[in-house]
2 protein chains.
Amino acid sequence: MTTMSDVARRAGVARSTVSYTLSGIRPISDEVRDRVHAAMRDLDYSPNALARGLASRRSGIIAMLYPLLERGISLSGRDHIWAAAEEARSAGYNMVLWTTAVDDIDGLGELVQQGLVEGVILMEVRHNDPRVAFLSDAGIPFSEIGRSCIEGVAPFVDTDFDQTAFDALAYLDELGHETVVFVNHPRSTIDSGYGLAVNFQAAMETAAQTLGIELLSIACDTQFRAGYDAFSELAAARPGISAIVSTNERALVGVMEAVRRLGLDVPRDLSVVAMLSSAETAESAIPALTTVSPAPYEMGRTAMASLLECLDSGVRAGAQTLVASQLTVRESTGPVPSRN
Amino acid sequence: MTTMSDVARRAGVARSTVSYTLSGIRPISDEVRDRVHAAMRDLDYSPNALARGLASRRSGIIAMLYPLLERGISLSGRDHIWAAAEEARSAGYNMVLWTTAVDDIDGLGELVQQGLVEGVILMEVRHNDPRVAFLSDAGIPFSEIGRSCIEGVAPFVDTDFDQTAFDALAYLDELGHETVVFVNHPRSTIDSGYGLAVNFQAAMETAAQTLGIELLSIACDTQFRAGYDAFSELAAARPGISAIVSTNERALVGVMEAVRRLGLDVPRDLSVVAMLSSAETAESAIPALTTVSPAPYEMGRTAMASLLECLDSGVRAGAQTLVASQLTVRESTGPVPSRN
DNA sequence: CTGTTAGCGCATTCAT
DNA sequence: ATGAATGCGCTAACAG
């Protein structure tokens, strides 16, 4: 391992000069800078992160806390991660992923007390999220993707659920649909305070009321069969349903299978709007799904940017950003069928 | 931030005594130990990881390199991560997830030169994986989940593809099936050297030959529609196909839809064996899928254990473990239909 | 513009 | 069984 002293010796300068060449926080003559760079290259020098962190009290590491829930890391989760990691890197930080559970506060405590991470990004934020209270108390800079009930202690970025729900329902309203079925995540997920399940439910209800649409909400396990069963049941109880909105992708596949088994056709008899971010998934379905899609990449980027700003400024609270979803009309929606 | 000196002062002992009570590598009297522990508790002390790492030259951090590929992090990926992280933690290490791309060797270099990580676990190992050569040259301890063509430089753990393929085909053979369609990942994935795609293809061919089964392999994009189209085409060209094996879950859903559209029934007319690890997925399909399932948890645990052993012993090479898959018969397989 | 020096918080080698 | 002293590799005053 080659150290800064080695570089200094070879370049014929003081250690601090090498340090300052690296950080650039004080002027260095071109000649010296070149000599130092040459020495670093010759010796294949690369600074020791631990030593740098210890001396500067800044580790350069941001942790993204991504609890591995039962649904695994979804496609949109991948985009969040990527975007945040890229944003971090372009600012000279490294991002690591920590998979401690939401309620493993001891684990979080250990992690954070060790002084390894400068800041934290929270994924899968729940309405009543113990991590938010803990980090806030501990004074660790953090930002949230999603939103907890404790506001003002940190920046967050979340999907604009109101806009999303309104756009989806307004579109169906234009097509003449008067009753819409909303397929949500299961009761247990809603109760645990999962943002998408809770906030989108509320947003759908508000939007339906505004538009004068009748909303039938069903909570459904994230499984093919659960969707299949739920829709079969509902269709028997309420024949003539003409539109579905769903955030529950796996259940939706089952719903659509049930629709087929009933001899119905999408979009002729039934319109489907899915809330999901992967265009690939939407387009590989038959028929291709009309979607309202959140913008995970934008969200990840923004969450990291807000956090880095907190680190720079020393201010804890920060930007509260809502990111709009986009409606993309594909083949799964059409005008309400005429009643004969 | 409270330091070791604070603890020492409060306990009325030397700094080194606190250090030794923490590490336990030299005898401490009960009385002093208690005093030190009390002081630590009172001051809510927790050791600084950067300082400890700098002084001991051991960061206690293992990095799992998990490039985010287009298929995202799958359900089995989640198990690998969980298992490895747990194993690490129980040995006093922390595991972080790094999402640098497979061919981002510069990024890996930076990461590793910084002295932040003591060891590395490679996921998504490709047959010709640049990371293997790099880490091997750099002398960084690592282990692989999957297998590259460079052997003997590090421990690895991989699915026993030969056993897996043989079990699947032998079961179909018993049921009387003489021709089996194998739905693999797309050509591009195979060409990139993705282990599952490459090795399982070879294993299937060998097993088919051994058993005297005719194998029809098709490479298929990981999309519903790709599977749908591929099977529709194949069924037209080769009517009377009675069995399918697939590693490509998303394509398989399309395949089964195509089967239905052709008026065929699973398992009456067609048997389906899926290679996937999630029992949940298998059971939520209609009909529930017969599977050969690899053991991702076991693999993740073993990979981490092997790595930690390398760290302890200082030896680079290590255990080469093949983990068996398990055949679980559900509702998607049955005897070959009689030809009239 | 550059050099000198004092820590950052801890592990570890000598002493005793 | 305990204490004192040195240094891990680097940053950031402080001097010039």
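Here is the naming used below: chain letters follow the sequence lines, and residue numbers restart at 1 for every chain.
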*Asks:* Counting the atoms with a prime plus P, OP1 and OP2 as sugar-phosphate, which does A:V18 contact under 4.0 Å by heavy atoms, base, sugar-phosphate, or nothing?
*Replies:*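 Nothing, no nucleic acid heavy atom in range.
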*Asks:* How close or far is atom P of D:dG7 from atom CE of A:M4, stated in whole angstroms?
*Replies:* 18 Å
*Asks:* Spell out, as yes or no, whether a donor-acceptor pair under 3.5 Å connects the side chain of A:S143 to the backbone of A:A303.
*Replies:* yes
*Asks:* Over how many whole Å does the gap from B:R9 atom CZ to C:dC10 atom P extend?
*Replies:*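 Atom CZ in B:R9 sits about 12 Å away from atom P in C:dC10.
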*Asks:* Rounded to the nearest Å, what distance is computed from the CE atom of residue A:M1 to the P atom of nucleotide D:dC10?
*Replies:* 8 Å
*Asks:* What about A:R26: does its side chain form a donor-acceptor pair under 3.5 Å with the base of C:dG3?
*Replies:* yes
*Asks:* Round to a whole Å and report the spacing from CZ of A:R57 to C1' of D:dG9.
*Replies:*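 Taking atom C1' of D:dG9 as the reference, CZ of A:R57 is at 16 Å.
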*Asks:* May I have the distance from B:R33 (atom CZ) to D:dT2 (atom C1'), rounded to whole angstrom?
*Replies:* 13 Å
*Asks:* Just N and O in the side chain of A:S29: are any of them under 4.0 Å from OP1 or OP2 of C:dT2?
*Replies:*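 For C:dT2, OP1/OP2 do have a side-chain N/O of A:S29 under 4.0 Å.
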*Asks:* When you match A:R52 and B:R35 each to their closest nucleotide on DNA chain D, which lands nearer the 5' end?
*Replies:*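 Whichever sits nearer the 5' end wins; that is B:R35.
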*Asks:* Starting at atom CG of A:L50, determine the distance to atom C1' of D:dC8, rounded to an integer number of angstrom.
*Replies:* 10 Å
*Asks:* Of B:A55 and A:R58, whose closest DNA chain D nucleotide lies nearer the 5' terminus?
*Replies:*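 The residue closer to the strand's 5' end, by nearest nucleotide, is B:A55.
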*Asks:* Starting at atom CD1 of A:I25, determine the distance to atom P of D:dA13, rounded to an integer number of angstrom.
*Replies:*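 It is 8 Å, rounded to the nearest whole Å.
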*Asks:* Suppose we call a contact any N or O donor and acceptor under 3.5 Å apart; does that hold for the side chain of A:S56 and the base of D:dA12?
*Replies:* no
*Asks:* In whole angstrom, give the distance that lies between atom CG of B:L22 and atom C1' of C:dC10.
*Replies:*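 Value for this atom pair: 10 Å.
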*Asks:* Is it the case that C:dT4 (base atoms only) and A:S16 (side chain only) share a donor and an acceptor within less than 3.5 Å, ignoring hydrogens and angles?
*Replies:*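 In this structure, the two groups form a donor-acceptor pair.
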*Asks:* Counting only side-chain N and O atoms of B:S19, is one of them less than 4.0 Å from OP1 or OP2 of C:dA11?
*Replies:* yes
*Asks:* Establish whether the base of C:dT4 is bridged to the side chain of A:Y20 by a donor-acceptor pair shorter than 3.5 Å.
*Replies:*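 In this structure, the two groups form no donor-acceptor pair.
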*Asks:* Quick one: does A:N199's side chain get under 4.5 Å of A:D158's, heavy atoms only?
*Replies:* yes
*Asks:* What distance do B:S192 atom OG and B:R126 atom CZ have between them, rounded to the nearest 0.5 Å?
*Replies:*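 Spacing of OG (B:S192) from CZ (B:R126) equals 5.5 Å.
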*Asks:* Please pick, from D:dA1, C:dG3, D:dC10, the nucleotide with the shortest atom-to-atom distance to any side-chain atom of A:P47.
*Replies:* D:dC10
*Asks:* Between B:Y66 and B:I121, is any pair of side-chain heavy atoms under 4.5 Å apart?
*Replies:* no
*Asks:* According to a strict under-4.0 Å criterion, is A:R15 in side-chain N/O contact with OP1 or OP2 of C:dT5?
*Replies:*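 No, outside the criterion.
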*Asks:* When you measure from the side chain of A:Q320 to the backbone of A:F156, do you find a donor-acceptor pair of N or O atoms at a distance under 3.5 Å?
*Replies:*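 A pair under 3.5 Å: no.
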*Asks:* Among D:dA12, D:dG3, C:dG9, which nucleotide sits nearest the side chain of B:L54?
*Replies:*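 The answer is C:dG9.
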